[in-house]
Amino acid sequence: MTEWKRSHKCGDLNKEDKGSNVVLVGWAARVRDHGGVVFISLRDRWGVTQVVVNPDNKDYNTAKSLHMESVIGVKGRVALRPEGQINKNMKTGEIEVIADEIVVLNPADPLPLMIAEESDASEELRLTYRYLDLRRPQMQKNIILRHKAAQIVRRFFDDNEFLEIETPYLMKSTPEGARDYLVPSRNHPGKFYALPQSPQTYKQILMIASFDRYFQIVRCFRDEDLRADRQPEFTQIDVEMSFIDENDIIDVVERLMQRLFKEAINKDLKIPFPRIDYNTAMEQYGSDAPDIRFDLKLDDLSDLVRGSDFGIFKSTIEAGGAVKGIYVPEMEGISRKNTDEITEFVSKYGAKGVITIQKREGEIVSPVKKYVGQELLQQIWNSFEAKESGVVFIIAAGKQVCNVSLGALRKKIAKDLDLIPQNEFALTWVVDFPLFEYDEDEGRFVAMHHPFTSPKLEDIDKLGSEPEKVMARAYDLVLNGTEIAGGSIRNYRSDVQEKLFEALGMDEETIKYKFGFLVEALKYGAPPHGGIAFGFDRLIAIMAGEDSIRNVIPFPKTTSAYSLMDGAPSEVDENQLKELGIMAAKQE
RNA sequence: GGGGUCGUAGUUCAACCUGGUUAGAGCACCGGCCUGUCACGCCGGAAGUUGCGGGUUCGAGCCCCGUCGACCCCGCCA
């Protein structure tokens with residue numbers, strides 16, 4: 001093997017190397033057999049180099065019979081390509097290696113999927129043969145970007161006196177929030193560890209331990225259903241600081257983002273990022289993660305239609321709901337079929353339907369014209385400062401449903417009509433969140449962020465009396481309509497923390513059992529502190545221009561949480577279960 | 001838990017809507033030709049449990065039911 005130690009990597013050589021004797025190793029990406037001369041595109045992580053094998057070569061037949069993706073070694077001499085044969089699309093396109101000797105280090109069987117820039121293989125196959133999928137240049141690029149980003153993040157925090165400190169993966173289960181992944185304890189049959197949903201409590205404890213500035217690039221686990229942007233295990237950039245307020249965190253994060261985007265993908269970000277309060281985000285964008293790259297803002301028509309006899313408007317207003325709309329100037333018009341599609345789309349979010357208004361030859365056109373009346377429709381049209389064309393979409397529903405469904409429609413239309421500027425990175429802070437939201441199923445208030453978030457100081461008195469009015473010292477960072485980070489200033493006084501737990505419906509005993517250690521720790525000199533955590537996978541996916549975080553995670557799970565390559569999860573030996581004191585319930 | 005799209009050769013797709021002789025094509029694979037290609041080209045060949053199970057029918061890749069899997073979405077994700 002040592003004689004096949006490479007002298008260069010496949011992306012190294014250029015015309016300066018003319019005449020050098022080289023040894024290259026890599027994968028035979030393509031073999032082009034011309035009957036006489038044979039060309040091999042030799043690929044490794046760093047690039048592709050063309051190898052030329054002439055008929056007088058002793059290994060000529062080896063070259064002719066190469067299978068795609070076999071691992072080979074080549075000894076040869078660097079030569080300039082003949083006139084007119086330069087490949088401008090290749091970094092090494094000016095040269096080629098004239099082979100003296102070729103050896104197959106490991107032949108490859110026919111492949112279950114092609115190694116191509118644009119994979120046309122199904123995701124199922126890509127995940128089953130992930131090692132082949134990961135050879136694709138696109139995937140290599142994503143994984144390399146991920147590495148780069150992680151290093152930049154580490155350098156940034158190190159430069160700013162943050163300490164990278166590890167926290168346990170085996171921790172206490174706290175059933176607040178997401179479902180825990182449980183790990184049985186062999187030493188204590190019937191007892192379980194949980195894998196962390198995030199290192200939240202540990203990083204707070206580290207602040208109490210006076211480390212002052214902490215960060216960690218850390219795996220987190222949540223046993224919930226999957227999505228394009230949600231995996232059961234995912235990576236956070238976790239950050240916590242002491243003796244700071246919201247603006248200190250925001251400042252650190254803005255400088256981090258600026259440096260990350262510059263150094264990783266050479267994009268200049270303007271700081272500070274704009275801030276929008278939660279309420280405005282919901283009212284204007286119908287989302288707590290507003291995509292500000294395009295307009296189409298939601299307009300409240302409730303006051304305008306208040307006097308209307310039109311049943312849908314009337315009943316909605318009377319029930320305390322909202323009538324809101326968006327105006328899409330770019331839309332030529334809308335057919336019955338499109339309206340049906342949109343109705344179906346918004347119904348997923350609980351809206352009963354959508355009302356359209358458009359103008360045709362100067363005439364207001366709407367399916368509800370005869371019920372609503374020309375005059376009101378015209379007023380609505382005018383309220384949008386609508387031109388002679390375009391379409392207005394109106395949804396009447398309870399406030400939350402109205403905002404969320406119209407917000408979703410806003411995004412869908414922008415996407416369908418291609419109104420979203422590509423290759424643009426729009427970061428915005430969402431601030432002024434409520435501390436609690438009411439959970440209908442549980443019949444109690446739950447923490448909107450998490451139960452360690454500090455209320456705004458002026459709202460502490462309302463914790464017991466009017467929890468719905470308490471605002472949180474929390475902040476989210478949104479990139480192109482996706483939440484990529486969220487954090488808060490924490491409760492550092494045990495009395496406030498206990499009051500908050502009580503507002504969440506926990507009695508003293510429950511508090512002590514679940515979070516007693518934290519409440520106690522707060523009593524021994526806990527500094528004011530706060531922090532933030534990034535969804536690293538989401539951040540990298542957006543930077544890489546990928547729609548799914550699966551494309552920036554080397555070994556992701558499928559939508560049903562399978563690992564197709566290794567077949568996890570799987571059944572285990574009866575003996576393993578016995579040792580753990582576990583019995584699997586029989587499946588129906 | 002619910003809704004939607006999809007499942008045909010190693011692979012990507014066609015045939016399905018409107019059931020009917022032998023399920024086609026590109027790439028990969030095998031054989032042949034070709035000395036400047038870079039997604040090389042040309043000629044030929046082999047390759048199929050139409051995801052699985054059931055039903056309807058004289059007859060099912062196609063229609064119906066169930067099931068499994070992939071993907072998207074709602075719920076869920078402090």
Side-chain angles (χ1 to χ4, degrees), chain A residues 29-43 48-56 60 64-65 67-69 81-90 92-93 96 108-129 132 174-180 197-198 200-201 220-232 234 341 344-351 404-405 408 412 435-437 439-442 445-453 472 474 483 486 488 500-501 504 514-515 535 547-548 550 557-560 562 564:
Chain A
R30 289 275 170 184
V31 180
R32 293 177 293 279
D33 177 1
H34 285 258
V37 67
V38 174
F39 298 102
I40 302 164
S41 293
L42 187 65
R43 187 198 68 240
V48 178
T49 299
Q50 172 157 289
V51 175
V52 183
V53 188
N54 287 308
D56 55 359
Y60 181 64
K64 276 178 98 76
S65 59
H67 268 189
M68 286 176 90
E69 293 301 314
R81 291 196 185 190
E83 197 74 20
Q85 297 295 331
I86 288 169
N87 187 338
K88 288 191 183 115
N89 300 321
M90 283 172 80
T92 61
E96 58 196 6
D109 283 353
L111 302 171
L113 57 86
M114 294 285 116
I115 314 293
E117 180 70 30
E118 290 286 320
S119 177
D120 56 0
S122 69
E123 195 150 359
E124 196 168 354
L125 213 59
R126 291 176 53 202
L127 292 174
T128 306
Y129 299 97
L132 295 179
T174 51
E176 287 280 307
R179 197 176 293 114
D180 281 329
Q197 299 172 24
S198 84
Q200 182 60 37
T201 48
C220 302
F221 306 85
R222 295 180 189 175
D223 188 3
E224 296 292 346
D225 286 343
L226 290 80
R227 287 283 196 287
D229 62 353
R230 277 172 19 199
Q231 283 275 308
F234 61 101
E341 246 172 56
E344 201 190 320
F345 176 79
V346 297
S347 73
K348 288 190 300 198
Y349 302 88
V404 170
S405 57
K412 176 186 161 58
L435 188 61
F436 304 111
E437 58 189 339
D439 186 319
E440 300 281 349
D441 294 335
E442 302 221 10
F445 283 96
V446 296
M448 192 156 180
H449 194 61
H450 59 54
F452 315 108
T453 298
E483 183 199 322
S488 64
L500 204 148
F501 283 142
L504 290 171
K514 284 185 177 170
F515 300 112
D547 288 333
S548 163
R550 289 188 302 273
K557 308 282 188 284
T558 67
T559 312
S560 62
Y562 276 122
L564 291 181

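Here is the naming used below: chain letters follow the sequence lines, and residue numbers restart at 1 for every chain.
The environment of OH in A/Tyr129 is sparse: at most 12 heavy-atom neighbours from other residues, nucleotides or ligands sit within 6.0 Å. Around atom CD of A/Glu344, no more than 12 heavy atoms belonging to other residues, nucleotides or ligands sit under 6.0 Å away. Surrounding CZ of A/Phe445 are more than 12 heavy atoms belonging to other residues, nucleotides or ligands, all under 6.0 Å away.
When heavy atoms are screened at a 4.0 angstrom cut-off, A/Phe345 is found touching no nucleic acid atom at all. If you check every strand for non-hydrogen atoms under 4.0 Å, A/Ser560 touches sugar and phosphate atoms only. Using a 4.0 Å heavy-atom distance criterion, A/Thr558 is classed as a sugar-phosphate-only contact. Here A/Asp223 lies out of heavy-atom contact (under 4.0 Å) with every strand. A/Arg179 comes within 4.0 angstrom of no nucleic acid atom, judged by non-hydrogen atoms across all strands. Residue contacts shown for A/Met90 include a base, since a base heavy atom lies under 4.0 Å away. Using a 4.0 Å heavy-atom criterion, one finds that A/Phe452 contacts no nucleic acid atom at all.
The base of B/C71 is not paired with the side chain of A/Arg550 by any donor and acceptor separated by under 3.5 Å. The base of B/G36 is paired with the side chain of A/Glu96 by a donor and an acceptor separated by under 3.5 Å. No donor-acceptor contact under 3.5 Å links the side chain of A/Arg222 to the base of B/C76. A donor-acceptor contact under 3.5 Å is formed by the side chain of A/Asn87 with the base of B/C38.
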Dump every N/O contact between nucleotides 11-13 of chain B and the protein below 3.5 Å, one line per pair.
residue: B/U12; atom: OP1; partner: A/Ser122; partner atom: N; Å: 3.0
residue: B/U12; atom: OP1; partner: A/Ser122; partner atom: OG; Å: 3.4

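Within the 4.0 Å cut-off from OP1 or OP2 of B/A78, not a single side-chain nitrogen or oxygen of A/Gln200 is found. For B/C77, the OP1/OP2 oxygens have no side-chain nitrogen or oxygen of A/His450 closer than 4.0 Å. Between A/Arg30 and B/C40 there is a side-chain N or O to OP1 or OP2 distance below 4.0 Å. Under 4.0 angstrom from either OP1 or OP2 of B/C74 there lies at least one side-chain N or O belonging to A/Arg227. When the side-chain nitrogen and oxygen atoms of A/Tyr562 are compared with OP1 and OP2 of B/A70, none of them lie within a distance under 4.0 Å. Contact annotation: A/Thr559 reaches the phosphate of B/C71 (side-chain N/O to OP1 or OP2, under 4.0 Å). Contact check, A/Arg32 against B/U37: no side-chain N or O comes under 4.0 Å of OP1 or OP2.
The NZ atom of A/Lys64 sits 9 Å away from the P atom of B/G32 (whole-angstrom rounding). Remark: C1' of B/C38 and CG of A/Leu42 are 14 Å apart, rounded to the nearest angstrom. As a whole-Å value, the separation of A/Lys348 NZ from B/G2 C1' is 12 Å.
For the P atoms, the distance linking B/G7 with B/C17 amounts to 14 Å, nearest Å. For the C1' atom pair drawn from B/C6 and B/G51, the interatomic distance equals 12 Å after rounding to whole Å. With both ends at atom P, the span from B/U12 to B/A70 equals 15 Å, rounded to whole Å. Here the separation of B/U67 from B/U22, taken at their P atoms, is 34 Å to the nearest Å. Using C1' as the reference atom, B/U57 and B/C63 are 10 Å apart when rounded to the nearest Å. Rounded to whole Å, the separation between the P atoms of B/U18 and B/A78 comes to 47 Å. Nucleotides B/G59 and B/C73, compared at atom P, are 43 Å apart to the nearest Å. For the C1' atoms, the distance from B/G31 to B/A46 is 10 Å, rounded to whole Å.
When side chains are defined from C-beta on, A/Phe452 counts as touching A/Phe515, because their heavy atoms get closer than 4.5 Å.
Closest of all the heavy-atom pairs between A/Arg550 and A/Lys557 is CD-O, 3.7 Å. Contact record, A/Asp547 with A/Ala228: O-CB, 4.1 Å, taken as the closest heavy-atom pair.
Distance from the side chain of A/Ala228 is smallest for B/C72 among the nucleotides B/C34, B/A28, B/C72.
Under the Watson-Crick or G-U wobble criterion, with both distances below 3.5 Å, B/A39 has no partner in any strand shown. Nucleotide B/G59 forms a pair with no other nucleotide shown, judged by Watson-Crick or G-U wobble geometry with both contacts under 3.5 Å. In a base pair of the Watson-Crick type (N1 to N3 plus N6-O4 or O6-N4) or a G-U wobble (N1-O2 and O6-N3), with each distance short of 3.5 Å, B/U5 is matched with B/A70. The partner of B/C77 cannot be assigned: no Watson-Crick or G-U wobble pair with both contacts below 3.5 Å exists in any strand. With both pairing distances under 3.5 Å, B/C27 is matched to B/G10 as a Watson-Crick or G-U wobble pair.
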| task | Take A/Gln200 and A/His450, measure what side-chain contact (heavy atoms from CB on, under 4.5 Å) needs, and give me the verdict at the end. | result | CA-CA 9 Å; A/Gln200 182 60 37; A/His450 59 54; 3.3 Å; yes

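Residue whose closest nucleotide on RNA chain B sits further toward the 5' end, between A/Tyr349 and A/Gln197: A/Tyr349. Position along RNA chain B of the nearest nucleotide to A/Glu123 versus A/Thr174 favours A/Glu123 as the more 5'-ward residue.
Judged purely by atom type and a 3.5 angstrom limit, A/Asp33 uses its side chain to pair as donor or acceptor with the backbone of A/Gly35.
There is a side-chain donor-acceptor pair under 3.5 Å between A/Arg32 and A/Ser41.
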